[in-house]
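One structure is given below, encoded as structure tokens.
For clarity, every value in this text was computed on a predicted model and none was experimentally measured.
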Amino acid sequence: MGGGVMALTDKQKVELAQRHGLSNTKIILEAAREAGIPFYVGCALMEKESHGRNVYGNDSGGTFAGAPFGVNKYNWQVFRWLVVSKGHRSNGVGPAQLTYKGFFTDMESKGLKPWDPHDNMLYGFRLLKKYKNEKGSWTAAGTAYNGSASYGRELADLVEKWRERIQ
């Protein structure tokens, strides 16, 4: 081997992501690996969505918008009842900020817990990977994930930024 740059260890990747403001970085690494996406893509999505925090979103009028508490099994059950059963406006849930109520029931049908940071990231990462495979680029995948072309462009820029940091 030549004098190239040494690849970062998993521990170094996790620490680097923490230094750049992400939470739950070990979980990001595990879930990204399980979903079959690069760690840097998981970091990009987490930076765009929640910085890896297990929180409810701030969608105006969304259930639990700006809640002063994180997502857990018990408040999730109330959220689910309000959104899925009662038709209240949804909101981002967990690190991947899943919003569509159909995703919640799909997760549950697959044995995944929307309130669990690992399961939440795994589902979000798998969804992003599916969109990437269908659409062909991270820009298009991000647009499909969020519904906004500007989001897709911003996500693709973050993917590149994180790739450069990690590799």
Side-chain angles (χ1 to χ4, degrees), residues 8 13-14 16-67 70-71 76 79 83-84 88-110 112-167:
L8 296 178
K13 290 176 183 178
V14 164
L16 184 134
Q18 287 172 335
R19 284 195 309 273
H20 283 90
L22 298 184
S23 301
N24 289 311
T25 54
K26 287 181 185 176
I27 298 171
I28 296 170
L29 181 70
E30 293 166 6
R33 191 167 279 149
E34 287 177 57
I37 64 169
F39 177 61
Y40 61 83
V41 173
C43 289
L45 184 64
M46 289 300 99
E47 180 175 336
K48 191 76 183 117
E49 290 295 343
S50 67
H51 286 75
R53 297 183 321 258
N54 196 26
V55 295
Y56 288 101
N58 290 310
D59 295 344
S60 180
T63 301
F64 293 167
V71 181
W76 159 255
F79 177 92
V83 171
V84 176
H88 289 221
R89 184 163 180 219
S90 192
N91 196 3
V93 174
Q97 289 293 284
L98 302 169
T99 304
Y100 174 56
K101 68 181 180 180
F103 291 156
F104 307 140
T105 53
D106 186 47
M107 285 183 75
E108 292 168 332
S109 76
K110 293 176 171 145
L112 299 173
K113 302 173 283 298
W115 68 87
D116 178 82
H118 172 271
D119 288 2
N120 188 283
M121 286 183 204
L122 180 61
Y123 190 86
F125 293 167
R126 285 177 175 165
L127 190 61
L128 188 64
K129 179 183 179 182
K130 174 182 169 265
Y131 293 147
K132 166 71 163 62
N133 291 341
E134 290 173 355
K135 312 285 184 188
S137 72
W138 291 119
T139 302
T143 299
Y145 190 89
N146 175 271
S148 162
S150 63
Y151 179 102
R153 289 188 300 274
E154 291 166 10
L155 179 69
D157 289 345
L158 285 172
V159 166
E160 183 59 25
K161 182 171 88 173
W162 277 100
R163 187 189 65 75
E164 289 172 6
R165 282 181 182 155
I166 301 287
Q167 291 187 331

Report the distance from atom [atom1] of [X] to atom [atom2] of [Y], rounding to the nearest 0.5 Å.
X    : Y    : atom1 : atom2 : value
W162 : L22  : CH2   : CG    : 4.0 Å
N58  : Q97  : CG    : CD    : 8.0 Å
E47  : K161 : CD    : NZ    : 4.0 Å
M121 : E34  : CE    : CD    : 11.5 Å
Y56  : W115 : OH    : CH2   : 10.5 Å
L122 : K113 : CG    : NZ    : 10.5 Å

Start with the C-alpha gap between W138 and D157, add the side-chain angles, then the distance that decides, and say whether side-chain contact (heavy atoms from CB on, under 4.5 Å) holds. CA-CA 9 Å; W138 291 119; D157 289 345; over 6 Å; no
Could you list the donor-acceptor pairs under 3.5 angstrom formed by side chains in residues 146-156, with sequence neighbours left out?
unit_1: N146; atom_1: OD1; unit_2: S148; atom_2: N; d: 3.4
unit_1: S148; atom_1: OG; unit_2: S150; atom_2: N; d: 3.4
unit_1: S148; atom_1: OG; unit_2: S150; atom_2: OG; d: 3.0
unit_1: S148; atom_1: OG; unit_2: Y151; atom_2: N; d: 3.3
unit_1: Y151; atom_1: OH; unit_2: E49; atom_2: OE2; d: 2.4
unit_1: E154; atom_1: OE1; unit_2: K48; atom_2: NZ; d: 2.4

Side chain to side chain contact (heavy atoms under 4.5 Å, CB included) against A32, all qualifying residues, sequence neighbours excluded: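 Partners of A32 by the side chain to side chain contact (heavy atoms under 4.5 Å, CB included) criterion, ordered by chain and then number, come out as I37, F125.
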For the pair F79 and F64, name the ring-plane relationship: parallel under 30°, tilted 30 to 60°, perpendicular over 60°. tilted
Which pair of heavy atoms, one from [X] and one from [Y], lies closest together, and at what distance?
X    : Y    : value
Y123 : L112 : CD1-CD1, 4.0 Å
R165 : L8   : O-CD1, 4.1 Å
A144 : K135 : CB-CE, 4.1 Å
K132 : A141 : N-CB, 3.5 Å
A17  : F39  : CB-CZ, 3.9 Å
G124 : A96  : CA-CB, 4.0 Å

Would you check if Y100 and T105 make a side-chain contact, meaning some heavy-atom pair closer than 4.5 Å?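 No, every pair of side-chain atoms sits at 4.5 Å or beyond.
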Looking at residues at least two apart in the chain, or sitting in another chain, which of them share a salt bridge (Lys or Arg N to Asp or Glu O under 4.0 Å) with [X]?
X    : value
D106 : K110
R53  : none
E108 : R80

Backbone of T99 reached by a side-chain donor or acceptor of S90 within 3.5 Å: yes
D59 side chain to N91 main-chain N or O, any donor-acceptor pair under 3.5 Å? no
Of all pairs that satisfy side chain to side chain donor-acceptor pair (under 3.5 Å), the ones with a partner from residues 23-32, not counting sequence neighbours: Q18-T25
